[in-house]
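Here, residue 1 is the first one in the sequence, and each next residue gets the next number. Both counts, for ligands and for their atoms, begin at 1 and track the order of listing. As the structure is a computational prediction, the values presented were derived from the model and not from experiment.
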Amino acid sequence: MFKGRDVISILDFSRSDLKTLFDTARYFEEFKGRVFDYLRGRILALAFFEPSTRTRLSFEVAMKRLGGEVVHLGEIKRTSIAKGESLADTIVMLSNYADAIVIRHRLEGAAKFAAEIADVPVINGGDGSQHHPTQAMIDLYTIWRELGKIDGLTVGVIGDLKYGRAACSFIYGLTLFDIEKIYLVSPLILRVRPEVKDYLKKSEIKFEEKEGLEDIIEELDVLYVTRIQKERFPDPSEYEKVKGSYIVTPEILSKSKKNLIVLHPLPRVYEIPYEIDKLPCAKYFIQAKYGVPVRMALLKLIMGE
Ligand code: NCD
């Protein structure tokens, strides 16, 4: 089911695939700190053409905890790419050296392009503004672990829905479940792309666009917050217009359901003030922690015997 597969979009996976993934991740959660033998002798190449903390480190930790090893492309300015080597040639090389590749790239479609070239599985660690499938797996896993289910929930996604690939992949991922309703909350210029809306319609998921949380906070079971993706704005003056335009305050959260959980793929900038961290609803660091067992599960299922 998973063996040898590329991971390009969360929509490449079925609900039953996610069940297998989640059960495997749940198993690994019980053994924090243990090193397994599942991927002994295997090598994962990490090719990050954009900054990353969690995705890069949790893939590395996951691989090492499975008994495998990691090679890094490292800082791009120290590679042959700085001499003009193409992405295609770089991927051919990595595919010859390693047993699987994780790629992160600024360009949409870069992971699919790499997968077409490589002879080994390619995992998309985030490309462009739409796809970050392993983040969506972690987000859905967090909901399942913290609330015990995903079906029937009302979910608010707030922030940069236009350029944020974590938000976009999460929204796509929700379509695999029987979601009660999705609220898409953003400033007007950062509304979700038409193709995402079309997909929601096609999937017959109830959704509504909003500019603020005030009149919907009481309905939410999950609030997924994302930062404004400053680096993806073609025009910096557009960023200035929306900068700081929404902040999840304790006041707004005081109107929520008792069991609301607040998620964020991180990094946060200002959209969740530090004072929220101590509230029981704040689950974003636990979400980041789940990155390791979920990526262990994915690597074992794809690369293992
Ligand atoms: C995200 C990304 O790179 O898309 N980071 C992550 O993997 N958690 C989110 C972001 O940068 O805002």
Side-chain angles (χ1 to χ4, degrees), residues 7-11 25 44 46-63 72-73 76 101-112 114 122-143 157-174 184-187 190 192-193 196 222-233 239 242-248 261-273 277 282-296 298-299:
V7 180
I8 306 301
S9 159
I10 189 70
L11 293 174
L44 178 68
L46 299 178
F48 280 68
F49 295 85
E50 269 196 330
S52 170
T53 303
R54 272 151 294 273
T55 306
R56 189 171 49 83
L57 290 181
S58 63
F59 264 117
E60 177 156 1
V61 169
M63 191 61 187
H72 286 271
L73 190 58
I76 301 305
I101 301 168
V102 180
I103 181 171
R104 165 168 290 191
H105 204 281
R106 134 189 99 73
L107 290 179
E108 203 119 0
K112 188 160 184 291
V122 169
I123 301 173
N124 186 356
D127 66 346
S129 298
Q130 283 210 55
H131 295 293
H132 192 350
T134 65
Q135 182 65 49
M137 289 167 179
I138 294 160
D139 304 338
L140 295 165
Y141 182 76
T142 307
I143 299 176
V157 189
I158 180 166
D160 186 342
L161 308 186
K162 182 171 182 186
Y163 297 115
R165 60 190 169 209
C168 184
S169 292
F170 175 62
I171 295 166
Y172 280 140
L174 290 173
L184 302 170
V185 187
S186 70
L190 295 179
V192 76
R193 287 152 194 275
V196 181
V222 177
L223 175 61
Y224 190 91
V225 189
T226 61
R227 85 183 159 94
I228 296 187
Q229 308 276 305
K230 182 178 181 185
E231 69 278 22
R232 300 193 203 288
F233 277 62
Y239 172 73
V242 285
K243 187 173 110 182
S245 61
Y246 61 91
I247 295 177
V248 178
I261 59 170
V262 178
L263 305 183
H264 192 308
L266 304 176
R268 68 169 146 187
V269 190
Y270 55 78
E271 57 284 351
I272 301 183
D277 297 2
K283 298 292 183 193
Y284 27 93
F285 286 109
I286 293 172
Q287 179 186 2
K289 191 176 85 177
Y290 287 144
V292 173
V294 172
R295 289 184 169 118
M296 282 177 83
L298 187 68
L299 292 174

Do R232 and R165 have side-chain heavy atoms sitting under 4.5 Å apart? yes
Separation of S58 OG from K289 NZ (nearest 0.5 Å): 13.5 Å
What's the shortest heavy-atom distance between V185 and L161, and which atoms? N-CD1, 3.8 Å
Quick check for students: name every N or O atom pair between ligand 1 and the protein closer than 3.5 Å, with distances.
unit_1: ligand 1; atom_1: 3 (O); unit_2: R104; atom_2: NH1; d: 3.2
unit_1: ligand 1; atom_1: 3 (O); unit_2: R104; atom_2: NH2; d: 3.2
unit_1: ligand 1; atom_1: 3 (O); unit_2: R165; atom_2: NH2; d: 3.0
unit_1: ligand 1; atom_1: 4 (O); unit_2: R165; atom_2: NE; d: 2.8
unit_1: ligand 1; atom_1: 5 (N); unit_2: L266; atom_2: O; d: 3.3
unit_1: ligand 1; atom_1: 7 (O); unit_2: T55; atom_2: OG1; d: 2.9
unit_1: ligand 1; atom_1: 7 (O); unit_2: R104; atom_2: NH2; d: 3.0
unit_1: ligand 1; atom_1: 7 (O); unit_2: H132; atom_2: NE2; d: 2.7
unit_1: ligand 1; atom_1: 8 (N); unit_2: Q135; atom_2: OE1; d: 3.2
unit_1: ligand 1; atom_1: 8 (N); unit_2: P265; atom_2: O; d: 2.9
unit_1: ligand 1; atom_1: 8 (N); unit_2: L266; atom_2: O; d: 2.9
unit_1: ligand 1; atom_1: 11 (O); unit_2: R227; atom_2: NE; d: 3.4
unit_1: ligand 1; atom_1: 11 (O); unit_2: R227; atom_2: NH2; d: 2.9
unit_1: ligand 1; atom_1: 12 (O); unit_2: R227; atom_2: NE; d: 2.8
unit_1: ligand 1; atom_1: 12 (O); unit_2: R227; atom_2: NH2; d: 3.4
unit_1: ligand 1; atom_1: 12 (O); unit_2: Q229; atom_2: NE2; d: 2.8

Quick one: list whatever passes ring-ring contact (aromatic ring centres under 6.0 Å, His included) with H131, sequence neighbours left out. Y172
Non-hydrogen side-chain atoms of Y224 and I158 separated by less than 4.5 Å: no
Taking the six-membered ring of F48, is NZ or CZ of R104 closer than 6.0 Å to its centre and within 45° of its axis? no
